[in-house]
A.B. asks: 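The structure is given below, and queries will be raised subsequently.
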Amino acid sequence: MSRLSALKGLSSLSGLSGLKDINGLRGLSGFAVLSGFGGFLVRRAVGVVLTLFAVSVIVYVVFYVTPGNVAQITCGPRCSPEQVHQVAQQLRLNDPLYVRYWHFLEGLVAGQDYSTGTSVEHCAAPCLGLSYQSDQQVTGLILTKLPVSLSLVFGAMVLWLVLGVGTGVLSAWRRGRPTERVLTAVTLAGTATPVFVIGLILMIVVCGELQLLPFPQYVNLTDDPEQWAWNLLLPWLSLALIEAASFARLTRAAMLETLAEDHVRTFRAYGVAERSIIARHALRGAFAPVIALNANNFGSAVGGAVLTETLFGLPGIGQELVHAVNVVDLPVVVGMVLVIGFFVVLANAVADVLYALADRRVVLA
Amino acid sequence: MSETVTKAAAEAVVAAQVTGTDPASVPATTGARQFRRRLRTQRAALVAACVVALLVLVALAAPLLTALEGQDPTTYHPSLIDSARGGVPVGPLGGADGDHWLGVEPQTGRDLFARLVYGARVSLGVALAATVFQVAIGVTMGIAAALGRRWVDQLLSRITDVFVALPLMIMSLALLAIVPASFPRPVLVTLVIGLLSWGNIAKVVRAQTLTLKELDHVSAARLSGWGPWRIARRELLPGLAAPVITYAALLVPQNITVEAALSFLGVGVKPPTPSWGQMLTAADVWYQAAPQYLLLPAGALFVTVLALTVLGDGVRTALDPRAASRLRVGTGRRRENKAAAAAEQGVSS
């Protein structure tokens, strides 16, 4: 046993010395100020801000440049040309695009005043504008919908990580046995099923046929945590089952890769139990790729959340977005795309930091 | 820069995905078992290829098939639905008989078989065309970033990063809604998917090109004064084929799902053009009265995406040089040896 720990110590030591070498090189090349973990965090934060800015420009320009007469649509099909013109002026649609974008940024940073007919309404600091349809503040609208979507996505994330990694570990452990074959088939089927199909089938079977659960209706977490969880169970499951499949495949692959390495063979030769090899070493090898995939898939999971919300009638951002899209309420659409983009970019950044914590060599790259 | 971190993370994912179904990554087992395992992998890919070929054939022959049935996807058959019961198809099995092979749609009475096969056209057509767009943009951006000057690389890589960060479903959902309805929808869906999600393929191509660039034959071409365009076409594209085809094979089933999802939300392909996702939108209310209305498009989607995914895995295995060389060693030689041994035995006895 003591020899084994010496072995472990050796391997970690050699890894460390490798790190020091790179560090030295880095110091020489003049990046000493920004090296290390703090510098990494700063650089990453700057990256987030720049990406968000670019996303906002693209989203804004794309949505306000696309063909389609916004004033006409907002006003309604029976509006006269004069009325349409009036609406266009009220919505500032005749200003040049960069002026409107500047206004938009101004509102986002400093807030803005809107004159709605006779009264003046103040839209406080992170102001995303007013809805064309209801004159409601977009920021407020999003804030009321956000808890639902966050409950859905983060609850499902816990489920898909547990299910996916668990399945992956099990199939790597039971490799070459019937268990693995069954799990491989199931995960393959999981990757091939669209989220709305599995959601539909779950809803029909569980709520319709078996009547195990009532059709989901969102209850606030703060009002009744138990009802909150019960009502979100099916949406969570439909989102998580699909996402879990790719995590299972990834975990299995990463673990098999580690298990085929020489140091694992050495552990086996020293008589370390397979269970301990799986739990201590192979699983550690899967940690970093799982984090990376989680960030990679976050965007698609948010897309899946839109489908899930629409399917189960959950009053979240996704459902509101589909509604806003159907009535061409551009400020709401742009605001929501930006907020979702913000979360996706943030998720990527958090994943990068976690990834760097899991594998410190990344910081130096 | 942070870019390297994201890149490292993305590469880890891609690498792990690539090894995911690679039989060569399975730790050493005995030869016979390895052989069986590989045979099974190949067989699955073969079956998947047949299914995909069949689906493409069905999609291409949709007018022929519906003519054979004597129906079309858009004609209403009010006589075949029971308006007293809310529009349920008349007759057992959702009105399936010799005239309507898979029954009719509730409420409208449109022929389900015709809508299903025409739906295959939309699904496959949109997914394949979108993949062509993604590959074309991704390869161009990737090569340009890798071969260009430092600032070109920086700029293109930043743009790529932004497109990777854009949530595809959300953006396409929003984009599709604001374009006027007069624009042909399947083309629009293709464009939106193709123009939005080329980021990952551009990253893969850039990384691969950076590696290829350092190889001797490329340096030789550069030293003989070839321009970057000619180098890209003659020296780089052949080396990029394997990763690009592998990635494209993964994109096709993904695009099918996105199209179905957008049509499911009502912003993708709009009626009367049939689409599987769109058929599912209305189906959940009818699952008791006409279950096949739900099960047929769901099943079609499942089979198509599954077949394309398995085929993509097979393509990946076939194009992975490590797997390919091991496959040859594991199968051909062993069989030859056995045959030789058997022949020897036959001679000696």
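Proteins get letters first, then strands, A, B, ... in listed order; numbering begins at 1 in each.
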A.B. asks: Is it the side chain or the backbone of B:L168 that comes within 4.5 Å of chain A heavy atoms, both, or neither?
C.D. replies: neither
A.B. asks: Tell me, side chain or backbone of A:V337 under 4.5 Å from chain B's heavy atoms, or both, or neither?
C.D. replies: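 The answer is both parts of A:V337.
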A.B. asks: Heavy-atom pairs under 4.5 Å with chain B: which of A:F343, A:F196, A:F298 has the most?
C.D. replies: A:F196
A.B. asks: Below 4.5 Å, heavy atoms only, C-beta onward: do B:I170 and A:V306 meet side chain to side chain?
C.D. replies: yes
A.B. asks: Hey, could you give me the CG/CG distance between B:L295 and A:L200, rounded to the nearest 0.5 Å?
C.D. replies: 10.5 Å
A.B. asks: Which bit of A:V333 comes within less than 4.5 Å of chain B, counting heavy atoms only: side chain, backbone, both or neither?
C.D. replies: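 For A:V333, the side chain is the part near chain B, not the backbone.
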A.B. asks: If I take atom OG1 from residue A:T193 and atom CG from residue B:L306, how far apart are they, to the nearest 0.5 angstrom?
C.D. replies: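 Result: 8.0 Å between the selected atoms.
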A.B. asks: Within the 4.5 Å heavy-atom criterion, are B:M169 and A:L307 side-chain neighbours or not?
C.D. replies: yes
A.B. asks: Could you check whether any side-chain heavy atom of B:L294 comes within less than 4.5 Å of a side-chain heavy atom of A:I204, counting everything from C-beta outward?
C.D. replies: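 A side-chain contact exists here, since the closest heavy-atom pair is under 4.5 Å.
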A.B. asks: Hey, are the side chains of B:L173 and A:M336 touching, using non-hydrogen atoms and a 4.5 Å cut-off?
C.D. replies: no
A.B. asks: Tell me, yes or no, whether the heavy-atom count around A:R268 atom CZ, taken from other residues, nucleotides or ligands under 6.0 Å, exceeds 12.
C.D. replies: yes
A.B. asks: Checking A:A172 against chain B: side chain, backbone, both or neither under 4.5 Å from a heavy atom?
C.D. replies: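 Answer is neither: A:A172 stays 4.5 Å or more from chain B.
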A.B. asks: Once you round to the nearest 0.5 Å, how far does CG of B:D161 lie from CG of A:L50?
C.D. replies: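 Spacing of CG (B:D161) from CG (A:L50) equals 11.0 Å.
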A.B. asks: Please look at B:V267 and chain A and tell me whether the side chain, the backbone, both or neither of the residue comes under 4.5 angstrom of a heavy atom of that chain.
C.D. replies: side chain
A.B. asks: When rounded to the nearest 0.5 angstrom, what distance separates CD1 in A:I58 from CZ in B:F163?
C.D. replies: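 CZ of B:F163 is found 4.5 Å from CD1 of A:I58.
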A.B. asks: Would you say the side chain of B:F302 lies within less than 4.5 Å of the side chain of A:V197, judging by non-hydrogen atoms?
C.D. replies: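 Of all side-chain heavy-atom pairs linking B:F302 with A:V197, none is under 4.5 Å.
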